[in-house]
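What follows is a single structure, written as structure tokens, with notes after it.
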Amino acid sequence: MTTTDLTTSSGGGDLLQPEAVNARIQYARALAASNLLPDAYRAQPANVLLAIEYGHALGLEPIAAIQGISVIEGKPTLSADLMPAVVR
């Protein structure tokens with residue numbers, strides 16, 4: 001399985017299929033186990049999954065979303081470094 005398998009959809013509704021959701025949950029759990037993640041995501045697979053989904057909506061790869069989306073007062077927010085990259 002690749003990150004492309006986790007973040008792309010050929011038919012529009014494929015991302016909501018149980019297999020795709022389960023794959024993304026497992027991926028988020030694996031990433032959340034890393035101590036290289038920002039504090040908001042470490043040991044928080046639900047936060048990782050939300051960041052990946054939020055990033056997907058913006059056309060970002062999962063790792064770019066995790067590294068560039070900050071959690072401020074419980075809301076995912078683009079970091080100052082990521083904003084210009086998304087605009088370009």
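Note that this is a predicted model, so its numbers are computed, not measured.
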Do [X] and [Y] have side chains that approach each other closer than 4.5 Å (heavy atoms only, starting at C-beta)?
X: Arg42; Y: Asp39; answer: yes
X: Ile25; Y: Pro45; answer: no
X: Tyr41; Y: Ile69; answer: yes
X: Leu60; Y: Tyr54; answer: no
X: Val48; Y: Gln44; answer: no

Measuring from Ile63:CD1 to Ile66:CD1, what's the distance to the nearest 0.5 Å?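 Interatomic distance, Ile63 CD1 to Ile66 CD1, rounded to 0.5 Å: 4.5 Å.
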How far apart are the closest heavy atoms of Leu36 and Gln67, and which atoms are they?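 Scanning both residues, the minimum pair turns out to be O-NE2, 4.1 Å.
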Residue pair Ala65 / Ala51: nearest heavy atoms and the distance that separates them: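 For Ala65 versus Ala51, the nearest heavy atoms are CB-O, 3.4 Å.
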Does the side chain to side chain contact (heavy atoms under 4.5 Å, CB included) test come out yes or no for Val71 and Leu50, once each step is laid out? CA-CA 11 Å; Val71 179; Leu50 181 73; over 6 Å; no
Would you give me the side-chain donor-acceptor pairs under 3.5 Å for residues 77-88, sequence neighbours excluded?
from, atom 1, to, atom 2, distance (Å)
Thr77, OG1, Lys75, O, 3.2
Ser79, OG, Gly68, O, 3.0
Ser79, OG, Leu82, N, 3.2

